[in-house]
Protein chains: 4
Amino acid sequence: MNARSPATLVADTGRGNEAAILNAALDAFGTAGFHGASMRDVAKRAGTSLSNLYNYVPSKSRLLAEVLRRANDELAARLRAAVDDAGDDAVSRLREAVRAYIRFIVEHQVAMVVSTNEVRYLTGADRASLVAERDATQAVFEGIVAQGVAEGAFRTPYPDDAARTVLTALGAVAGWYRPDGRLSRGQLAEQQARYALALLEAPLPH
Amino acid sequence: MNARSPATLVADTGRGNEAAILNAALDAFGTAGFHGASMRDVAKRAGTSLSNLYNYVPSKSRLLAEVLRRANDELAARLRAAVDDAGDDAVSRLREAVRAYIRFIVEHQVAMVVSTNEVRYLTGADRASLVAERDATQAVFEGIVAQGVAEGAFRTPYPDDAARTVLTALGAVAGWYRPDGRLSRGQLAEQQARYALALLEAPLPH
Amino acid sequence: MNARSPATLVADTGRGNEAAILNAALDAFGTAGFHGASMRDVAKRAGTSLSNLYNYVPSKSRLLAEVLRRANDELAARLRAAVDDAGDDAVSRLREAVRAYIRFIVEHQVAMVVSTNEVRYLTGADRASLVAERDATQAVFEGIVAQGVAEGAFRTPYPDDAARTVLTALGAVAGWYRPDGRLSRGQLAEQQARYALALLEAPLPH
Amino acid sequence: MNARSPATLVADTGRGNEAAILNAALDAFGTAGFHGASMRDVAKRAGTSLSNLYNYVPSKSRLLAEVLRRANDELAARLRAAVDDAGDDAVSRLREAVRAYIRFIVEHQVAMVVSTNEVRYLTGADRASLVAERDATQAVFEGIVAQGVAEGAFRTPYPDDAARTVLTALGAVAGWYRPDGRLSRGQLAEQQARYALALLEAPLPH
DNA sequence: GATGAATGAGCCTTCATTCAT
DNA sequence: TATGAATGAAGGCTCATTCAT
């Protein structure tokens, strides 16, 4: 049902099977959802035994938390780097942020899907810290939008909500993107950037 | 975790506990997800016994399918009615469609959330028929967008993808809407309509 | 897996669905065994509702008991009649008893199979009375054998055990008989009679 | 209902509880039948937990298959050995085969009963392979009978069917044998051998 | 680290039976 | 008679987790 290649969000950590386990968990959660995937599934995908999982991870929910944390860290780092490397104006910054976001999705689609769908099953501190990280990511976009509004580049009357909506639309791309789809990665980024700028009511031409 | 009031997507069907069961399932799936909710949960919420559930529904997955089918039917009916009652121009039609969509979310938020998150757990014919229904709903929006492009009201260069993106953004509202939030239902609809028109590159002022 | 035609051990009793239910039970028990068949199965086969079963039969085990009782009664009656109608000598009587037994199997194969396999699930009085009936049937054979030994027609040194063995071999026919098999009903009876006489050490030629 | 001592068909396999589980299953199926016995019953008899059963056996039906396979293997091995060790003539061979069969029943009565009564609940490959093994066992008897007919030692006109009937009668012994019964093991074998030879129409004295 | 065995709770579903109509 | 709804127990099986080795 899911033809995407096995996820490799986590590169070898030098700690035995750890990377394999985290990537296996990502795949398992991506395929069946958090509650639909079992620790046995994860073990099988990771090529190790069920009980050995617990040498690396204390529980299923912490496994989800760890996977989501890494995905979010990676996305956040890419976004920050993209924005830093961009020009000083809001339009450039937004454009680069969108590009980076799309690149992340293309390279780590499963991670993005799991991030979107399974956060709700985190609890307590794990949930809180992930939500905080996400808010930070969202703040980056809100910052860009605020700057654009100040500069007169964006005319949306609802800057913060619009920033969130842009983020939502971007995230949703992970739900339908296919590597062999109609649009190349570049075209996809271009399209999404245009949607974002339009939604923010940046005067044409983009 | 979920402070929303109990869902009442399904009104009394005149067949004993059927409505109670479907609504209970909606709530349960909305709270814990399809795999996270148990038939015992559903039974408890419906105020009946576990085994009696099976006098109304043949399996957990068919229960999900039934719930999703009803939600989709209701949404589709509202959209069709709204578009039919609207003026002849694409902008009016889009506006009314957005308004109807938001109204559905406000009244059946849980149904919308479950619809979005749990379709993936349908299989076989249930999945196929629901996907078909969704495609029909999407076609309504694509039709409006195509009309708008033809009329010169929308200038987006990617009409079909843009229609989908609009739909995505609308659906996402169910993920964060709170009845006691900052915006009234009307304001929310207004805002979303503006996002949609902007994204479709309708010339301002809207 | 089981190509035998639906059993019709019980002819219309003039009491609504009773015959249909008893025959359905026979089929169900024959196909899946007593514990493998459910009252729902029986109801479905009988073309009535589950709960209506209980208007005719007080419980599943009494249903089994009733079915077995009727099967045994029919078999016993046929045997008695056959022996009565036969000549006075043991060989003729045995021959006719075997013929009648085989005829019963051919006409009521499922009943015979169920009789053999499911008696063990009877309990209490039902079990006791069926065992008593069977012992009576067995006594008929033992009587014939005893007579034959007295007459010098049978020379087996273990008359009673031999009678039981003959009965066992006969009953086992129900386990493999197929209407479209190699032997006609008559040939089958002939063969079994010869086995019986040989086993009882009747002097050849038979 | 069943006063026979606990079965010990399977000796310690060196793999934890495996033997205990297989023997427990044999007992459980022997007492209540395949569908009448629950995995919980088996676990209780084996002195382990329900869930731990599944560390040894993948399903209830595979458990039945495994038990039946072992029983059949043991019986087949004994028969082969007995026939090999016997003299060259058909009568000796048959006599030894019967003796070995009876010895198996005496030592593994429950296994024989379960073998006879519960094969029908096997399905697919398990069923097919067991049927094949049984046919092989039957072929041993058919071979002996054919040899006897060729030698003029047996005069039955239906050699193959007679071999099957002999086998049936032997198997049925498991249904009524009691360790404290009238006949010793040796007498039982003697009696059955005489029945078999008589049925095959071997000229007296046996 | 790594394994197989073990545990107790829980899963979805079906059971025989009863009840109200 | 006949039905659909209801019940509580039990069915086979899987779960996340732990333990001994």
Side-chain angles (χ1 to χ4, degrees), chain A residues 15-18 21 34-43 46-64, chain B residues 15-18 20-21 32 34-43 46-64, chain C residues 15-18 21 34-43 46-64, chain D residues 15-18 20-21 32 34-43 46-64:
Chain A
R15 196 182 160 238
N17 280 335
E18 193 178 33
I21 289 174
F34 176 68
H35 281 120
S38 73
M39 291 298 267
R40 273 167 181 85
D41 291 341
V42 174
T48 186
S49 71
L50 169 61
S51 39
N52 194 32
L53 250 47
Y54 289 87
N55 285 320
Y56 294 88
V57 156
S59 74
K60 192 188 180 189
S61 35
R62 293 301 312 278
L63 178 53
L64 174 63
Chain B
R15 196 189 160 229
N17 279 337
E18 192 178 35
I21 289 174
F34 177 67
H35 282 122
S38 72
M39 290 298 266
R40 277 167 181 87
D41 293 340
V42 175
T48 187
S49 70
L50 169 59
S51 46
N52 193 32
L53 249 47
Y54 289 85
N55 284 322
Y56 296 86
V57 160
S59 71
K60 193 187 179 190
S61 37
R62 293 300 311 277
L63 179 52
L64 175 62
Chain C
R15 195 182 162 238
N17 280 334
E18 192 177 34
I21 289 174
F34 177 66
H35 281 121
S38 72
M39 290 299 267
R40 273 167 182 85
D41 291 341
V42 175
T48 185
S49 71
L50 169 61
S51 38
N52 194 32
L53 250 47
Y54 289 86
N55 284 320
Y56 294 86
V57 156
S59 72
K60 192 187 178 188
S61 33
R62 292 301 310 278
L63 179 52
L64 174 62
Chain D
R15 196 190 160 229
N17 280 337
E18 193 178 34
I21 289 173
F34 177 67
H35 281 123
S38 73
M39 290 298 268
R40 279 163 180 87
D41 291 340
V42 175
T48 185
S49 69
L50 168 63
S51 46
N52 193 34
L53 248 49
Y54 289 86
N55 284 321
Y56 295 85
V57 159
S59 71
K60 193 188 180 188
S61 37
R62 293 300 311 277
L63 178 53
L64 174 63

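Order of the sequence lines sets the chain letters (A, B, ...), proteins ahead of strands, with each chain counted from 1. FYI, side chains are in, hydrogens and waters are out, and symmetry mates aren't considered; it's all heavy atoms of this structure.
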Over how many whole Å does the gap from [X] atom [atom1] to [N] atom [atom2] extend?
X     : N      : atom1 : atom2 : result
C:N52 : F:dT1  : CG    : P     : 9 Å
C:H35 : F:dG12 : NE2   : C1'   : 16 Å
D:L64 : F:dG12 : CG    : C1'   : 15 Å
A:L53 : E:dG4  : CG    : C1'   : 15 Å
D:E18 : E:dG4  : CD    : P     : 14 Å
D:K60 : F:dA10 : NZ    : C1'   : 12 Å

Checklist entry - Which dot-bracket string fits DNA chain E when only Watson-Crick or G-U wobble pairs with both atom distances under 3.5 Å count, crossing pairs get [ ], and | stands for a partner on a different strand? => result .||||||||||||||||||||
What is the distance from atom [atom1] of [X] to atom [atom2] of [Y], rounded to the nearest 0.5 Å?
X     : Y     : atom1 : atom2 : value
C:L64 : C:S61 : CG    : OG    : 7.5 Å
B:M39 : B:Y54 : CE    : OH    : 3.5 Å
B:I21 : B:N52 : CD1   : CG    : 6.0 Å

Checklist entry - What do the steps show when you test A:K60 against A:F34 for side chain to side chain contact (heavy atoms under 4.5 Å, CB included), and what is the final call? => result CA-CA 9 Å; A:K60 192 188 180 189; A:F34 176 68; 3.6 Å; yes
Can you tell me if the side-chain N/O atoms of [X] get under 4.0 Å from OP1 or OP2 in [N]?
X     : N     : value
A:N17 : E:dG1 : no
B:S49 : F:dA6 : no
D:T48 : E:dT7 : yes

Item to check | Toward the 5' end of DNA chain E, by each residue's nearest nucleotide, D:G47 or C:S61 | outcome: D:G47
Checklist entry - Closest nucleotide of DNA chain E for D:Y56 versus for B:M39: which of these residues is on the 5' side? => result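 So the residue in question is D:Y56.
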Indicate the atoms forming the closest heavy-atom contact of [X] with [Y], along with that distance.
X     : Y     : answer
B:A37 : B:A32 : N-CB, 3.8 Å
A:D41 : A:G36 : OD2-O, 4.1 Å
D:Y56 : D:E18 : CE2-N, 3.8 Å
B:A20 : B:A46 : O-CB, 3.9 Å

Checklist entry - NA contact type, C:R62, heavy-atom cut-off 4.0 Å: base, sugar-phosphate, or nothing? => result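 Touches nothing.
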Checklist entry - Looking across every strand, which nucleic acid part, if any, lies under 4.0 Å from D:A37 by heavy atom: base, sugar-phosphate, or nothing? => result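 Sugar-phosphate only.
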Checklist outcome for this item: A:R40 meets the salt bridge (charged side-chain N to carboxylate O under 4.0 Å, His left out) criterion, sequence neighbours left out, with none
Please list, for nucleotides 18-21 of chain E, all pairs of protein and nucleotide N/O atoms separated by less than 3.5 Å.
none

Next on the checklist: Between the base of F:dG12 and the side chain of D:R40, is one N or O donor paired with an acceptor at under 3.5 angstrom?
Outcome noted: yes
Item to check | F:dA6 base / B:N55 side chain donor-acceptor hit below 3.5 Å | outcome: yes
Checklist entry - Out of F:dA5, F:dA16, E:dT3, which has the shortest distance to the side chain of B:R15? => result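 Closest nucleotide among those given: F:dA5.
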